Amino acid sequence: MGIKREEIMPGVWLNYIHSDKFKTAQISFSFLTQLERETASMNALIPAVLTRGSVLYPDIEKLSNRTDELYGVDLCPLVRLSGEIQCTGLVASFPEAKYLPVTDGYTKEIIDLVGEVLLHPLTHGGLLIKEYVDSERQKLADNIRSVINEKNSYAVQRCIEEMCSYESFAVGRFGSAEDCENINYKKLTKQYHSLLMSAPMEIIYCGSEAFENISAFILEAFVTLPRGEINYDIGTDIRMNSVEESARYCEEKLDVTQGKLVLGFRLGEWMNAPDPAVLSVFNCIFGSGVTSKLFRNVREKLQLCYYASSIPKIAKGILLVTSGIDFDKFETAKDEILFQLDEVRQGNFTDEELGWAKTAVKSDLKSIPDSPGNLEAYYFSRILTGTLFSTEEYLVAVEEVSREEVIQLAESIVPDMVYFLRNDPDETAEDGEDQ
C-alpha cells in the first residue's frame, strides 16, 4: 500500500494513502516546528485551545453538536515528536461516506470543519479567549506532572532528560509544567499566528476518496491560511558519541517498592547511514519481545528483573533499555544487560534467533495496514525520518537483513547514561506501588 505525496500549497504537503478496506477514514494536519524549550508547551497547548471553539462553533457544545451531525466524526488535538521536530495539529477520524445515508460532499464537510477549527478560532479583540487558554493550560500542566505517577514512563523520561541534557530532545513533546504555567493568552495567540505563517504542514489522508477531491477540498477549506516565509530549517541534532568517556550515572530516590533501571545508548557512527529494517531486526534480537536476549536471559533465565525491553528512537539516534528490578540487583542487572548487548556485538546469536526477530518484525508490519490510524502513524514516521517506503517494501528489506549488518549496528552502539530510580531508605513505600 503506497503513498502519493504532493505539495498543494506553499509548505503544505498532502500525503495520500488510498484504501477501500476500512469503514472509517482518517486525515491529520500537522504543523512542524523545531523543538525548543521556549515554545514547546505553547505548541502543545494550541490544538487543545482550538478545539474549545471556533467562529462558527464558539463552544464545546456547539462543536460537539456539529461532529454529531457529521455522524460522529472524532476531531482531536494532535501533538507528536520525531527526534527534535515537534508536530502539532488536529486529526479527524470519520465514517466512510459509502456506509452512510449521505449525498456527495460528506468528506468535504469534514475537511471544512477541520479548516474552521484550525484557522478560525474564537477570539476576543483578535486574541484567543483567555478562559479557554487558562483552562487548557492547567490541564496540560497537570498532565505533564502526572507522569510521575507511572514510574516506568517517568524513569524513561528522566533518563532522556539527563542523557540529552545539552540537547533539545530533553524538552519533551509537551515541554515542562513550569513553562506551561507561564503561558498567557497573548503569548499563545502570537505563537499560533507564527505557526500559521511559517511552519511546514504535513497532511496525511487514508481513505477511499480520490486524491483530486481531497486536494480540492483542502485548497478550498484552507484558502485563508496565511503563509509567509516557510521555515524549512528544522531537524534533529544527531550525536554519535557519548558526552563523556564513560557512561554517566544518575540516581533518583522516590517512594517506590521497585527499582527502575534505564540505560541510554547512542547508536554511534551507524547513524551516518541508518537503516530502519536493520534496527528493527537488531532490536528484536536484543531486547524487544519474548524471543529477545533480554527477555529470555535477563528476565526468564536469570530472573534479574520483572521486565526488560529495548526502545530504539531512530529519529534521534538513541536506544533505551528499561527494566524493573529489586534494589539490590542493580549492578548485576546492569552488567547482564550490557553483556547481552556484547553478545550481539560478537555475533553470538543463532540463525534461529535471527529468524525469530525477522518473523516478529514482519508480523508487526503486516498489522499496520489493518487500520487507517496505524497507516497514518507509520507514514508520518517515514516522512519525518526521510525513509518514505511502503510496508511491502519494508517487509522485503527486513527479509534481506544480514547477520553482518546486525553485528555492525551493535558494534556502533555507545553507552551514555545509567539512570536508576530507587527507594529512599528514610521513607516508607506506599502500598500498591506499581511493580
Side-chain angles (χ1 to χ4, degrees), residues 35-37 40-41 44 79-84 86 140-181 236-237 239 242-244 246-267 287-288 294 298 304-331 333-334 337-338 341 413-427 429-430 433-435:
L35 178 65
E36 297 175 343
R37 187 170 300 279
S41 291
V79 183
R80 293 185 282 201
L81 198 61
S82 178
E84 291 167 351
Q86 188 182 24
L140 180 59
D142 291 343
N143 183 46
I144 295 170
R145 288 197 174 96
S146 69
V147 71
I148 197 171
N149 298 324
E150 212 297 295
K151 299 301 187 297
N152 301 347
S153 299
Y154 175 77
V156 170
Q157 175 182 299
R158 289 289 297 120
C159 181
I160 291 173
E161 289 173 352
E162 293 295 329
M163 178 177 170
C164 303
S165 57
Y166 303 108
E167 302 155 77
S168 297
F169 196 63
V171 174
R173 67 182 175 125
F174 296 128
S176 70
E178 292 74 21
D179 291 334
C180 186
E181 290 182 338
T236 299
D237 175 21
R239 302 200 177 187
S242 58
V243 173
E244 297 179 8
S246 58
R248 294 164 288 164
Y249 176 70
C250 176
E251 180 180 291
E252 189 170 358
K253 295 178 181 179
L254 288 177
D255 189 9
V256 294
T257 58
Q258 182 190 108
K260 308 296 180 184
L261 170 62
V262 186
L263 305 184
F265 302 87
R266 305 280 175 171
L267 295 182
S288 175
L294 293 187
V298 185
L304 291 174
C305 58
Y306 298 99
Y307 64 89
S309 63
S310 54
I311 308 167
K313 296 183 178 291
I314 193 171
K316 179 58 181 170
I318 65 175
L319 175 75
L320 304 171
V321 174
T322 176
S323 60
I325 62 173
D326 292 329
F327 305 120
D328 60 356
K329 291 183 178 178
F330 166 75
E331 289 289 349
K334 173 177 69 70
I337 290 170
L338 294 173
L341 176 58
I413 294 174
V414 182
D416 194 19
M417 173 59 63
V418 177
Y419 172 85
F420 186 37
L421 177 63
R422 60 163 301 140
N423 66 333
D424 188 339
D426 297 329
E427 297 289 339
E430 294 181 2
E433 168 64 27
D434 177 31
Q435 294 292 314

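In what follows, every heavy atom counts, from backbone to side chain, and hydrogens, waters and symmetry copies are set aside. These numbers were taken from a predicted model, which means no experiment stands behind them. When a residue number appears, it is its place in the shown sequence, counting from 1.
Gln258 places no side-chain N or O within 3.5 Å of a backbone atom of Gly324 that could act as its donor or acceptor partner. In this structure, Arg248 contributes its side chain and Met163 its backbone to a donor-acceptor pair below 3.5 Å. Arg422 places no side-chain N or O within 3.5 Å of a backbone atom of Glu251 that could act as its donor or acceptor partner. A donor-acceptor contact shorter than 3.5 Å is absent between the side chain of Ser323 and the backbone of Tyr307. Within the 3.5 Å criterion, the main-chain N or O of Lys316 finds no donor-acceptor partner in the side chain of Thr236.
In terms of heavy-atom proximity, Ser41 sits nearest to Leu140 at O-CD2, 3.7 Å. Considering every non-hydrogen atom in both Cys164 and Ala170, the closest pair reads O-CB, 3.1 Å. Nearest heavy atoms, Ser310 versus Pro312: O-CD, 3.9 Å. Closest approach of Ala40 and Gly175 over heavy atoms only: CB-CA, 3.8 Å. Nearest heavy-atom pair across Ile144 and Ala177 is CG2-N, 3.7 Å. When all heavy atoms of Val79 and Ala44 are compared, the closest pair comes out as CG2-O, 3.7 Å.
Atom CE in Met417 sits 11.0 Å away from atom CG in Leu320 (nearest 0.5 Å). Between the CZ atom in Arg145 and the CZ atom in Phe174 there is a gap of 14.5 Å [rounded to 0.5 Å]. Between atom NZ of residue Lys151 and atom OG1 of residue Thr257 there is a gap of 9.0 Å, rounded to the nearest 0.5 Å. Atom CD1 of Ile337 and atom CG of Leu263 lie 5.0 Å apart (nearest 0.5 Å). Summarising the geometry, atom CD belonging to Glu331 is positioned 9.5 Å from atom CG belonging to Leu261; distances are rounded to the nearest 0.5 Å. Here the CD1-OG distance, from Ile148 to Ser153, works out to 12.0 Å after rounding to the nearest 0.5 Å.
For Phe327, there are no ring-ring contact (aromatic ring centres under 6.0 Å, His included) partners two or more places apart in sequence or in a different chain. For Ser168, the side chain to side chain contact (heavy atoms under 4.5 Å, CB included) criterion is met by Glu84, not counting sequence neighbours. Take Phe420 and apply the ring-ring contact (aromatic ring centres under 6.0 Å, His included) test, not counting sequence neighbours, and it matches Phe330.
Using a cut-off of 4.0 Å between Lys/Arg side-chain N and Asp/Glu carboxylate O, Glu252 and Arg158 are scored as salt-bridged.
The shortest distance between side-chain heavy atoms of Leu319 and Ile311 does not fall below 4.5 Å. For the pair Tyr419/Val156, no side-chain contact is recorded, criterion being any heavy-atom separation below 4.5 Å from C-beta on. Contact check for Asp416 versus Glu162: no side-chain heavy atoms found under the 4.5 Å cut-off. Side-chain atoms of Val171 and Asp179, non-hydrogen and from C-beta on, never get closer than 4.5 Å to each other. Leu81 places a side-chain heavy atom less than 4.5 Å from the side chain of Phe169. Under the 4.5 Å side-chain criterion, counting only non-hydrogen atoms from C-beta, Lys260 is in contact with Asn152. Residues Ile325 and Leu304 form no side-chain contact, since every pair of their non-hydrogen atoms from C-beta on lies 4.5 Å or further apart.
Side-chain contact annotation: Tyr154 with Asn149, donor-acceptor N/O pair under 3.5 Å absent.
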